[in-house]
Number of protein chains: 2
Amino acid sequence: MYTINEVATACNISAHTIRFYDKEGLLPFITRNSTRKRQFSEADLEVIKLICCLRNSGMQVKEIKQYIDLCMQGKETAPVRRELLIDHRKAILRQIDDYKKNLNIVDLKIAFYDSYIAAPHAGYDPMKFMLENKKS
Amino acid sequence: MYTINEVATACNISAHTIRFYDKEGLLPFITRNSTRKRQFSEADLEVIKLICCLRNSGMQVKEIKQYIDLCMQGKETAPVRRELLIDHRKAILRQIDDYKKNLNIVDLKIAFYDSYIAAPHAGYDPMKFMLENKKS
DNA sequence: GTAGCACTTAGAGTTCAATCTAAGTCAAAT
DNA sequence: ATTTGACTTAGATTGAACTCTAAGTGCTAC
């Protein structure tokens, strides 16, 4: 069994956050020891790691709660849970795509600075356009 | 010249948000017409599009403000601005990488559900492990 | 046994980024 | 001329996700 701090370290979150998740109903499965302190099994740790994965990939706490609630309802909800994860998978792919598009724009801007610094008075180009082209 | 709503539509944000960015000092360059209404040039629009790109790729408003402040200081800050964008570029790459890692975990979980739904009592496997393996 | 520390709780506070509200201005349309 | 509607402002509110506080409990080491 792990303590709250061991889990916190393993998952790279704070003990505060674990208690917050518990309060939000994300950890209905954890048990307490004789002195009412939370104790975490290997299985609990794995679940919390998945929760962190979902959070870190942009799923909201309340959506994660829905997933956990489904888990607690039993194995007949497995197909629904699978659908939920497939939807989230699509959301992750969208995010990656958005980030890549923004990366392209930033790269163009960096390329502008490269040429601008080399030759500050280079001619106008829509993709280089920024405050350089304004009278301040 | 564009109105605030035209810019909002073009950038896929609200007029509220544009005023908020202005209040936060992100738009020190915009001018007003005779009736004190904001008017946006093509150059302004391009800057706001870059601001949206930076925001959408995770840069905080106050960091964007630093970038804009540098822009307003004149062309001698171009190298610093370039460095700032290169740092942000790294941040975007980190984000993409994190998302990809989380995508892998979600994919493994979906694969677990695929096999689990096909044969609910398949043997234990650490990567499939979740609430299925707990006594509720 | 008592000092120190890690834990517990409910609930308050913080931060970020909007988003909304209320009160008011302005110009065109009826 | 008055109504409509879009704009303006400062400042309040929202919502998400923590993060901290205060008060208290209980184990361990001296």
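Proteins come first, then strands; the chains are lettered A, B, ... in the order of their sequence lines, and each starts at number 1. The figures here come from the full heavy-atom set of this structure, side chains too, leaving out hydrogens, waters and symmetry mates.
Residues that satisfy the side-chain hydrogen bond (donor to acceptor under 3.5 Å, both in side chains) test with A/Lys101, not counting sequence neighbours, are A/Asp97. Applying the ring pair (Phe, Tyr, Trp, His ring centres under 6.0 Å) rule to A/Tyr99 yields the partners B/Tyr99; only residues at least two apart in sequence or on another chain are considered. Remark: A/Gln73 pairs with no residue by the side-chain hydrogen bond (donor to acceptor under 3.5 Å, both in side chains) rule, at least two apart or across chains. For B/Arg32, the salt bridge (charged side-chain N to carboxylate O under 4.0 Å, His left out) criterion is met by B/Asp22, not counting sequence neighbours. B/Asp114 meets the side-chain hydrogen bond (donor to acceptor under 3.5 Å, both in side chains) test with A/Arg82; sequence neighbours excluded. The side chain to side chain contact (heavy atoms under 4.5 Å, CB included) search around A/Lys23 returns none, not counting sequence neighbours. For A/Leu103, the side chain to side chain contact (heavy atoms under 4.5 Å, CB included) criterion is met by A/Asp107, B/Arg89, B/Ile92, B/Leu93, B/Ile96, not counting sequence neighbours.
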Are any protein N/O atoms closer than 3.5 Å to N/O atoms in nucleotides 10-14 of chain D? If there are, list each pair with its distance.
{"from": "D/dG11", "atom 1": "N7", "to": "B/Lys23", "atom 2": "NZ", "distance (Å)": "3.4"}
{"from": "D/dG11", "atom 1": "O6", "to": "B/Lys23", "atom 2": "NZ", "distance (Å)": "3.4"}

Pairs under 3.5 angstrom, nitrogen or oxygen only, protein versus nucleotides 25-30 of chain C, please.
none

Polar-atom pairs under 3.5 Å, protein N or O versus N or O of nucleotides 13-16 of chain C: list them with distances, or write none.
{"from": "C/dC16", "atom 1": "OP1", "to": "B/Lys62", "atom 2": "NZ", "distance (Å)": "3.2"}

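Legend: salt bridge (charged side-chain N to carboxylate O under 4.0 Å, His left out) pairs involving residues 53-67 of chain B, not counting sequence neighbours, sorted by first then second residue: B/Lys65-B/Asp69.
With hydrophobic clusters built from ILVMFWY side chains whose heavy atoms lie under 4.5 angstrom apart, B/Phe112 shares a cluster with A/Val80. Hydrophobic cluster membership is shared by A/Val106 and B/Ile86, with clusters built from Ile, Leu, Val, Met, Phe, Trp and Tyr side chains linked at under 4.5 angstrom. The cluster map of Ile, Leu, Val, Met, Phe, Trp and Tyr, joined by side-chain heavy atoms under 4.5 Å apart, puts A/Ile48 and A/Met1 in different clusters.
Atom P of nucleotide D/dT19 and atom NE2 of A/His16 are separated by 9 Å, given to the nearest angstrom. The distance between atom CD1 of A/Ile13 and atom C1' of D/dT19, rounded to the nearest whole Å, is 13 Å. Rounding to whole angstrom units, CG of residue A/Asn33 and P of D/dG26 are separated by 12 Å. Going from atom CG of A/Leu26 over to atom C1' of D/dA17 covers 12 Å, rounded to whole Å. If you take CD of A/Glu63 and P of D/dA16, they are 11 Å apart, rounded to a whole angstrom. Nucleotide C/dC7 holds its C1' atom 10 Å from the CZ atom of A/Arg32, rounded to whole Å. If you measure from atom CZ of B/Phe20 to atom P of D/dT8, you get 17 Å, rounded to the nearest angstrom. D/dA17 atom P lies 17 Å from atom CG of A/Asp22, rounded to whole Å.
Taking side-chain N and O atoms only, A/Tyr21 has a distance below 4.0 Å to OP1 or OP2 of D/dC18. The side chain of A/Arg19 places no N or O atom within less than 4.0 Å of a non-bridging phosphate oxygen (OP1 or OP2) of D/dA17.
Here the side chain of A/Asp44 pairs a donor or acceptor atom with the backbone of A/Ser41 at under 3.5 angstrom.
Remark: B/Ile4, B/Asn5 in residues 2-12 of chain B come within less than 4.0 Å of DNA chain D through at least one heavy atom.
Across B/Leu45 and B/Cys11, no two heavy atoms sit closer than the pair CD1-SG, 3.9 Å. Here the closest heavy-atom approach between residue A/Leu84 and residue A/Met59 is recorded as CD2-CE, 3.8 Å.
Candidate nucleotides C/dT21, C/dT9, D/dT9 were compared by shortest atom distance to the side chain of A/Arg38, and C/dT9 ranks first.
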